[in-house]
Amino acid sequence: MKVIKRTLVIASVVVISGLFIYGTSSLRTVHPYVHTTLPAEMNFCGENVPLQLADVSERLDRELTVNTNLHATTELVIKRANRAFPVIEPILKKYGVPDDFKYLAVIESGLINATSPSGAKGVWQFMPATAKELGLEVNDIVDERYDLEKSTEFACKYLLKAKEKSGTWTLAAASYNGGLNGIMRMMEEQKVSDYYDMLLTDETYRYVFRILALKEIMQNQEKYGYVMPKSVLYPVIPTKKVEVTANIDNLAQFAIDQGINYKVLKIHNPWLRDKKLEVQPNKVYSIQIPLEGYAR
């Protein structure tokens with residue numbers, strides 16, 4: 001009798017646990033493993049991807065498989081893109097840089113102000129020397145690599161120069177990782193003029209394919225298992241710009257005077273790297289002040 005009772009108790013626990021797990025799992029999205037199927041054709045900035053080449057199709061398949069099943073990371077970039085792309089897209093258009101380059105920003109940083117082990121910073125991952133060369137201000141008080149609008153503009157300037165020298169947008173994208181001089185040297189040494197014909201370091205070899213994979217996934221989200229309602233995407237928070245032409249000795253007090261707090265000020269102006277702002281003669285800074293999103 002004791003054995004029967006014990007068996008009944010265990011069975012009840014198993015059934016109840018199963019119901020609990022089933023009930024709670026319906027509250028969240030569970031991602032099964034997704035087997036990828038290559039698209040019939042693909043292009044980057046209007047330039048054909050030669051998928052008929054055995055190594056090219058396999059290299060793309062690798063990045064599609066990895067990123068499709070890298071669920072948390074891919075979900076987050078889709079959510080962030082809803083906020084970041086409206087900033088990036090019009091700047092690319094203004095400079096005549098193809099829209100596909102927004103996916104370069106995705107693979108560089110995941111659309112956050114990341115810092116790499118080598119010291120590259122921001123959404124576009126500029127090294128200090130490169131940023132200064134391009135005209136961005138980088139010091140202990142201000143680091144414009146963290147300013148999405150300005151860093152996007154300077155990324156455009158780099159890409160236009162790289163396209164002019166290398167000949168294609170695909171090579172310009174590769175040069176963003178491998179360096180323009182390095183790409184040009186490899187082209188000369190290997191006597192080829194197409195990215196897909198070049199043997200490069202592993203990171204640069206995979207680089208354009210990672211861009212292509214994120215482009216494909218983000219443009220065809222449901223196909224790759226990402227069914228995300230608009231309500232879960234990070235919204236664009238409207239802001240106003242306050243022009244500053246004089247020193248701000250205390251940014252915390254400045255924030256309060258603007259009706260926000262220091263934390264919110266730094267969230268919307270991550271390029272402010274100190275507790276104060278020093279303004280050189282004839283210099284003007286534009287500070288973003290959110291108009292909503294933080295009311296208690």
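This structure is a prediction, so every number in the text was calculated from the model and none was measured.
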Quiz: residues 202-211 side-chain donor-acceptor pairs under 3.5 angstrom, not counting sequence neighbours:
unit_1	atom_1	unit_2	atom_2	d
E203	OE2	N177	ND2	2.9
T204	OG1	N177	OD1	2.6
T204	OG1	T201	OG1	3.2
R206	NE	E63	OE2	2.6
R206	NH2	E63	OE1	3.2
R206	NH2	E63	OE2	3.2
Y207	OH	E108	OE2	2.4
R210	NH2	I107	O	3.3

Exercise for the section: Not counting sequence neighbours, list each pair that qualifies as a side chain to side chain donor-acceptor pair (under 3.5 Å) and has a residue in residues 44-55. Expected result: E47-T170, D55-R59
Handout entry: Side-chain touch L148/I91, heavy atoms, less than 4.5 angstrom
Key = no
Problem - Hydrophobic cluster identity match, V66 and V49, side-chain contacts under 4.5 Å - result: no
Practice task
Measure from the side-chain N and O atoms of R80 to the backbone N and O of G110, and report whether any donor-acceptor pair falls under 3.5 Å.
Solution key: yes
Exercise for the section: Verify, without hydrogens or angle tests, whether Y226 (side chain) and T68 (backbone) share a donor-acceptor contact under 3.5 angstrom. Expected result: yes
Practice task
Output every pair passing salt bridge (Lys or Arg N to Asp or Glu O under 4.0 Å) with a member in residues 158-174, not counting sequence neighbours, ordered by first then second residue.
Solution key: none
Exercise for the section: Taking the side chain as every heavy atom from C-beta outward, state whether Y195 and V56 have any pair of such atoms under 4.5 Å apart. Expected result: no
Problem - Transitive ILVMFWY side-chain link Y234 to L291, under 4.5 Å - result: no
Practice task
Identify whether M127 and V123 are in the same connected component of the hydrophobic contact network (ILVMFWY, side-chain heavy atoms under 4.5 Å).
Solution key: no
Handout entry: Worked check of ring-ring contact (aromatic ring centres under 6.0 Å, His included) between F44 and F101
Key = CA-CA 9 Å; F44 177 70; F101 276 101; 5.2 Å; yes
Handout entry: E144 (side chain) donor-acceptor with W271 (main chain) under 3.5 angstrom
Key = no
Exercise for the section: Could you tell me whether the side chain of L111 reaches within less than 4.5 Å of the side chain of R83, counting heavy atoms only? Expected result: no
Practice task
If the plane angle is over 60° it's perpendicular, under 30° parallel, otherwise tilted; pick one for Y176 and F126.
Solution key: tilted
Problem - Heavy-atom check, side chain of I88 versus side chain of W124, under 4.5 Å - result: yes
Problem - Distance-only donor-acceptor check, side chains T152 and Y95, under 3.5 Å - result: no
Practice task
Please tell me if the side chains of I289 and T239 come closer than 4.5 Å, counting only heavy atoms from C-beta onward.
Solution key: no
